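Note that this is a predicted model, so its numbers are computed, not measured. Note on naming: letters A, B, ... go to the chains in the order of the sequence lines (proteins, then strands), and numbering restarts at 1 for each one.
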Number of protein chains: 2
Amino acid sequence: MSEVTNPKRGRPGYDQAAILEIAVLAFNEHGYDATSMSKLASRLSLSKAAIYHHFSSKEELLELALDHALGGLENVITQPGATTGPAIDRVAHVLRGAVLVLAERLPYVTLLLRVRGNTEVECNALERRRVFDRFVATLVLAARDEGSLRADLDAGVVTRLLFGMVNSIAEWYRPNGAADAARLANDVLTVALDGLRFRD
Amino acid sequence: MSEVTNPKRGRPGYDQAAILEIAVLAFNEHGYDATSMSKLASRLSLSKAAIYHHFSSKEELLELALDHALGGLENVITQPGATTGPAIDRVAHVLRGAVLVLAERLPYVTLLLRVRGNTEVECNALERRRVFDRFVATLVLAARDEGSLRADLDAGVVTRLLFGMVNSIAEWYRPNGAADAARLANDVLTVALDGLRFRD
DNA sequence: GTCTATAATTAGATAGAC
DNA sequence: GTCTATCTAATTATAGAC
């Protein structure tokens, strides 16, 4: 991926993606605002000026990182599984897809989930997240109307609790292969749809 | 509560709690690091120096806020409902209590949930959170052993998903009376224990 | 592609008057 | 309890050499 782990015949420098990867890890560890360009440069064993050769500003690092996370999520809701078939299956597809994207692009999605809307870049990212959220809210309503989901709870609350459960995975999940993420996605669907109570 | 909303015969100033309340709101809106003492002073219509009369440092504001959130949560797990009776009831008690504390001390708990462990103050808060988390994890295991909760899922994953659902409430809930919070707590327990699937 | 040096601004915090 | 003025250190970002 990066020229550091896969160097092209001794060329020493970082490319954009390699710097971004390390920057995102640092942002998640200490917070975006608490991670100064100096600290980032130390972590890369580079000077600050070298980073500015690859990115025009600190905020551009954030923008590209958020775009990578959002691209993954938006991809989930444009797949056929999210737009065709019974609503309950579409809900399951999107929940599963969100967990898998979260696991695959963990640091990027983690960063996205912590954005508060301080700047224009952050506001744009939040708006793209809201489009995703609204899509899922609509699916939940449809699954309720078709009789697949219980109707005695507020659909908005239900949707938010579902997202809360999925998004919170970013706080503790550490990747361990694709099979691991697939099992986690199944567990989420089991808890969400069937609950934790023992049934014989 | 504060001398601003309930002034003592025209004394104009803020007291510690009144400043803290507004500071916590600002920290949640823009992030702790992104909220400078200058911005905070503007928001209070005070000078920076006036804030330093009430608090010795920016971090002391954070420390007192986190302590208020943690005190509420720790209170939940020392109540009789959390330590006596069937494990499934104790799990329900703690989940319900966590939701109610979150609703009642919303800005303080919101701030707590965003702490990453950058400083000693943050690390201490995280450690107190972990004590709470471990208590709940133990309860979930006990409820499983007594046959109340399903045993086909990893108990650690289940506990984290439960917390994820509860904690995510801070991202969207806006208080509307105690009855509102009690209903929300019931909804959380319904989803967590019985799931969303329609059952006739 | 990376460096050193530095500009311009802002941060947290303090001194001392009222 | 609050103010103005100020300190020092750290911040983002740029200039120009190699």
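Partner of Ile169(B) under the side-chain contact (heavy atoms from CB on, under 4.5 Å) criterion, out of Thr110(B), Asp187(B), Leu184(B): Leu184(B) alone.
Minimum atom distance to the side chain of Ala50(A) is reached by dC3(C), of the listed dC3(C), dA13(C), dT12(D). Nearest to the side chain of Ser57(A), among dA13(D), dG1(D), dA13(C), sits dA13(D). Of the candidates dT2(D), dT6(C), dG12(C), dT6(C) carries the atom nearest the Lys48(A) side chain, counting heavy atoms from C-beta on. Out of dT2(D), dT12(D), dT2(C), the shortest distance to the side chain of Tyr14(A) is found at dT2(C).
Nearest-nucleotide mapping onto DNA chain D: of Ile19(B) and Ser56(A), the residue sitting toward the 5' end is Ile19(B). Along DNA chain D, the nucleotide nearest to Ala49(A) and the one nearest to Ser36(A) differ in position, and the one closer to the 5' end is contacted by Ser36(A).
Here Tyr52(B) reaches the OP1 or OP2 of dA13(C): one of its side-chain N or O atoms lies under 4.0 Å away. Look at His53(B) and you'll find a side-chain N or O under 4.0 angstrom from OP1 or OP2 of dG1(D).
Computed from coordinates, the Asp15(A) CG to dG1(C) P distance equals 8 Å when rounded to whole Å.
The pair Arg128(A)-Glu74(A) counts as a salt bridge, with a side-chain nitrogen and a carboxylate oxygen less than 4.0 angstrom apart. Between Lys58(B) and Glu63(B) there is no salt bridge, since no side-chain nitrogen of the basic residue lies less than 4.0 Å from a carboxylate oxygen of the acidic one.
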